[in-house]
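Accompanying notes for the structure given below.
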Amino acid sequence: MNSSYHNTFHYTRSLLLAALLGAAMPAARAQYAKDYRRTADQFYAKGDYYSAAQYYEKYFGASASGGVHFQAYEVKRQGSSGGGGKGDESKNGGKSGEGKGGQRQELEYRLAESYRQLHDYTHAMPWYKAVTEQAPDAWPLAHYWYAICLRIDGKYGWAQKELELFLKIYKTSDSYRAQASRELENNAFIQQELSSPKEDVPVARMDAGINKEGASYAAGWMNPVTMVFTSTRSEGASPSEGTSRSETSSRSGEAGASGTAAASGEKDTRAHPVYANALYSTTLQAVPSGQATAAGQSVQSTQGVPSAEVTRWSKADKLTIPVIPDRQQGVASFTPDGRQLFFTVWSEDKEGRRHAAIYTSTKKDNDWSVPVVLGSNINVEGADTRQPQVTPDGGYLLFSSDRPGGKGGFDIWYAPLKGGQPGKAVNAGPVINGKGDEQAPFYHTASQTLVFASNGRIGMGGFDLYSVRGNFTGSWDEPKNMGFPINSVKDDLYFVAKGDRLLEDALLSSDRSSACCLELFTVHKKYTEYFIGTVFDSATHAPLAGVEITGKDGSGRPFPAQTTGPDGKYQVAAPAGSSLQLNAVREKYRPASWTARPGTGDSVYNPEVYLASIPEKKPDLFEGKKMLVTHNINFQFRKKALTPDSYPYMDELAAYLKANPAVKLEIAAHTDGIGTTAYNLQLSQQRARACVDYLVKAGIERQRLIARGFGECCPLEKETTPDGKDNPAARENNRRVEMTLK
């Protein structure tokens with residue numbers, strides 16, 4: 001994208017353009033063709049591209065129509081790095097028809113440039129195309145700008161070919177070659193983004209009550225239900241001669257209308273509307289959903305209103321701030337209490353250059369004070385300073401400026417706020433600010449994320465929105481393009497959010513749906529929160545598989561049941577921001593219920609859940625006896641540890657002891673006769689202790705248990721046959737555990 005494109009606001013009246021350009025030049029006035037061209041050249045040289053386009057169209061005998069796009073603050077003039085001014089003609093291959101391209105191609109190129117400077121790429125595209133076909137070598141930059149038009153029009157394959165052709169024929173090592181290389185990367189990035197749209201991030205154009213007439217952009221929140229935005233709207237009628245130079249003056253038709261009379265010899269006595277940028281406010285009003293639907297009104301889902309009702313925007317009215325004569329308003333931001341306002345004020349000098357500064361006003365009762373320009377901490381002589389944004393905690397004032405000390409064109413700066421007064425401004429640094437323009441900053445405190453617009457990075461074209469994690473007293477991560485659909489192939493700026501999550505309840509400005517102007521869009525991402533946890537057996541503390549997890553969200557809607565795996569884990573997906581009522585159920589266990597609270601991230605880790613088993617009524621293991629001999633408790637050869645096949649019997653023994661809390665138990669372990677007497681005595685004592693340890697882990701008090709080892713002392717059978725051979729069956733019978741109730 002053109003590096004001179006320091007756009008922050010766009011505005012126009014498309015219908016006005018159509019009306020002014022609609023009439024074809026009568027054949028009887030063919031003699032005025034030279035006058036039309038001369039007038040067009042004069043407007044072009046002055047940078048009045050709207051009027052220039054009008055007269056070049058008349059010169060060609062064409063009928064111009066809709067969709068002119070303006071820069072509110074600055075349009076580069078003669079000699080600008082962006083091309084299109086008279087001083088650029090030598091770069092483009094010749095001047096005054098003396099190059100390889102003919103006179104007609106020169107005028108076609110100027111007409112294309114005029115439309116491009118107005119950001120009306122639809123009307124610029126066919127004129128660039130004509131130049132590239134008729135004089136491909138005379139105007140090499142036509143290939144570059146034609147590629148930009150193709151990219152904006154969604155013709156990515158053709159855009160790539162045109163960029164490659166431009167790089168082949170344009171040998172000068174300057175910003176255009178660098179921009180063309182970046183545009184090739186942009187082209188690939190766009191196609192990648194569009195191939196995998198994010199359906200959980202709906203971006204919707206706000207209704208005609210907000211996006212009215214010309215541009216509507218740069219929204220902010222005075223309070224949770226009142227939105228303030230900038231809009232370019234009609235201020236009424238004004239004489240065609242002597243009209244004050246408003247924001248749209250010389251580009252929306254006033255100067256062009258009187259120029260028509262001069263070229264044709266007619267006297268123009270018509271009056272034309274004056275368009276000005278001003279701050280407007282609108283409030284969310286709760287209405288019954290049936291009433292809103294019946295009236296055909298658009299509704300808005302947002303925070304700050306009763307959830308049982310839908311909302312609509314009230315009629316947008318001018319914010320009642322005292323007007324500064326010959327100045328225009330834009331980009332407002334409020335302190336958290338809504339009592340202090342920072343906003344951009346700009347004017348236009350006699351040569352059509354814009355000069356912007358940041359002003360402040362305070363509210364007392366219901367009246368705003370006369371705006372006062374901020375001091376040298378923020379506004380620097382000779383620099384443009386604009387787009388103020390107060391952080392949600394009121395701690396900092398962010399803004400964009402081309403003041404000295406920056407890294408490129410416009411940079412992001414910030415200053416501490418104390419008592420409503422900003423301190424010394426600090427550049428946000430090279431991680432955020434690059435060689436292009438970084439503008440329209442916004443800081444989302446909850447996620448510690450700075451969002452800004454830039455035209456100097458790989459993106460989808462024009463200004464894209466980027467996000468970067470960090471804070472003003474620490475460091476910043478690497479900025480990331482926010483991707484489609486937050487960004488489009490046109491300009492996307494002025495992101496603000498008021499939800500707990502960055503894209504939960506946000507607004508942005510874009511000209512994606514317009515041939516000319518920035519409009520306001522809402523963003524309501526459908527965030528999903530994952531509630532993660534583990535279920536354990538309360539007795540053994542082992543993860544419990546086969547547990548069914550069910551529940552309902554904050555609105556009472558159930559979610560699909562799931563079952564824990566061998567690791568005992570579960571993960572429940574639910575809309576972010578609401579509590580869940582969860583239940584855990586498994587056969588032979590007592591059920592459990594608990595409330596899972598939402599968090600601030602994508603995942604919420606719940607406390608560990610323990611399920612207690614339901615004791616089964618089993619026969620008395622001792623059957624009324626005091627002593628029990630069992631071979632259900634086993635050990636590996638010459639090992640002290642219990643084998644897993646012993647666990648069920650040990651669990652039954654634990655259940656018996658729990659059911660009989662007054663009973664004490666002596667556990668006596670016996671070995672066979674293999675090995676020395678001392679070794680067998682030690683091994684049996686260790687095995688008896690292993691039994692005691694298992695029962696303790698199962699919940700039996702240690703003082704109720706006695707471990708004794710008898711080794712080989714008391715065999716039940718002789719371990720050799722009468723003829724002296726070994727008797728394995730006898731040895732196995734001698735390896736036993738005896739349990740005696742005390």
Side-chain angles (χ1 to χ4, degrees), residues 9-13 15 72 205-238 244 246-248 252 273-287 291-292 295-300 302-305 309-335 337-346 359-371 387-390 494 496 498 507-509 514 517-522:
F9 311 116
H10 303 291
Y11 65 96
T12 190
R13 280 289 285 148
L15 295 178
R205 179 182 179 274
M206 298 185 75
D207 64 29
I210 303 298
N211 290 311
K212 183 180 180 182
E213 296 191 58
S216 294
Y217 56 94
W221 296 98
M222 182 189 299
N223 56 55
V225 295
T226 302
M227 179 179 73
V228 174
F229 63 99
T230 310
S231 189
T232 310
R233 302 189 179 190
S234 171
E235 296 295 304
S238 176
S244 61
S246 70
E247 174 64 21
T248 56
S252 61
V274 176
Y275 290 88
N277 291 268
L279 297 175
Y280 289 79
S281 67
T282 178
T283 302
L284 283 171
Q285 298 175 331
V287 295
Q291 176 182 331
Q297 298 161 331
S298 65
V299 296
Q300 171 82 7
T302 191
Q303 297 181 344
V305 295
E309 299 174 309
V310 296
T311 60
R312 68 182 179 191
W313 293 104
S314 66
K315 179 180 177 294
D317 294 314
K318 266 191 176 183
L319 198 64
T320 55
I321 300 175
V323 175
I324 304 174
D326 299 323
R327 298 291 191 273
Q328 304 212 30
Q329 304 171 348
V331 193
S333 183
F334 297 84
T335 52
D337 61 4
R339 308 298 295 182
Q340 184 173 5
L341 163 67
F342 296 90
F343 67 108
T344 306
V345 173
W346 76 89
Y359 282 63
T360 185
S361 175
T362 55
K363 191 175 186 180
K364 184 177 182 181
D365 298 326
N366 292 320
D367 297 322
W368 290 97
S369 65
V370 175
Q387 303 163 339
Q389 190 66 230
V390 180
Y494 304 115
V496 294
K498 65 171 182 173
L507 300 166
L508 61 84
S509 303
S514 170
C517 314
L518 287 176
E519 297 176 315
L520 287 169
F521 290 77
T522 61

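Atom NZ of Lys363 is surrounded by more than 12 heavy atoms from other residues, nucleotides or ligands within 6.0 Å.
Heavy atoms only, all atoms of each residue included: Val228 and Leu279 are closest at CG1-CB, 4.3 Å. Smallest separation of non-hydrogen atoms from Lys318 and Ala278: CE-CB, 3.7 Å. When all heavy atoms of Met222 and Leu319 are compared, the closest pair comes out as CE-CD1, 3.7 Å. When all heavy atoms of Lys212 and Ser231 are compared, the closest pair comes out as O-OG, 4.2 Å.
Between the Ser509 side chain and the Leu518 main chain, no donor and acceptor come within less than 3.5 Å of each other. Between the Ser216 side chain and the Leu520 main chain, no donor and acceptor come within less than 3.5 Å of each other. Proximity of a side-chain donor or acceptor of Asp207 to a complementary backbone N or O of Gly209 within less than 3.5 Å is detected.
For Asn223, the side-chain contact (heavy atoms from CB on, under 4.5 Å) partners two or more places apart in sequence, or in a different chain, are Val225, Thr226. Taking Thr362 as the reference, Ser369 meet the side chain to side chain donor-acceptor pair (under 3.5 Å) condition, with sequence neighbours excluded. In terms of the side-chain contact (heavy atoms from CB on, under 4.5 Å) criterion, residue partners of Thr335 (sequence neighbours excluded) are, by chain and number, Asp337, Gln340, Phe342. Residues that satisfy the side chain to side chain donor-acceptor pair (under 3.5 Å) test with Arg205, not counting sequence neighbours, are Glu519. Partners of Phe334 according to the ring-ring contact (aromatic ring centres under 6.0 Å, His included) rule, which considers only residues two or more places apart in sequence or in another chain, are Trp368. Applying the side-chain contact (heavy atoms from CB on, under 4.5 Å) criterion to Ser333, with sequence neighbours excluded, gives Gln389, Val390.
In this structure, Met227 CE and Met206 CE are separated by 4.0 Å, a value rounded to the nearest 0.5 Å. In this structure, CD1 on Ile210 lies 11.0 Å from OG1 on Thr522, to the nearest 0.5 angstrom. Distance OG1/Thr282 to CG/Leu284: 7.0 Å, rounded to 0.5 Å.
Contact check for Tyr217 versus Thr232: side-chain heavy atoms found under the 4.5 Å cut-off. You'll find the side chain of Ile324 reaches within 4.5 Å of the side chain of Pro371, heavy atoms only. Within the 4.5 Å cutoff, the side chain of Val496 has no heavy atoms near those of the Phe229 side chain. Thr230 has its side chain out of reach of Phe343: every pair of non-hydrogen atoms, C-beta onward, lies at least 4.5 Å apart.
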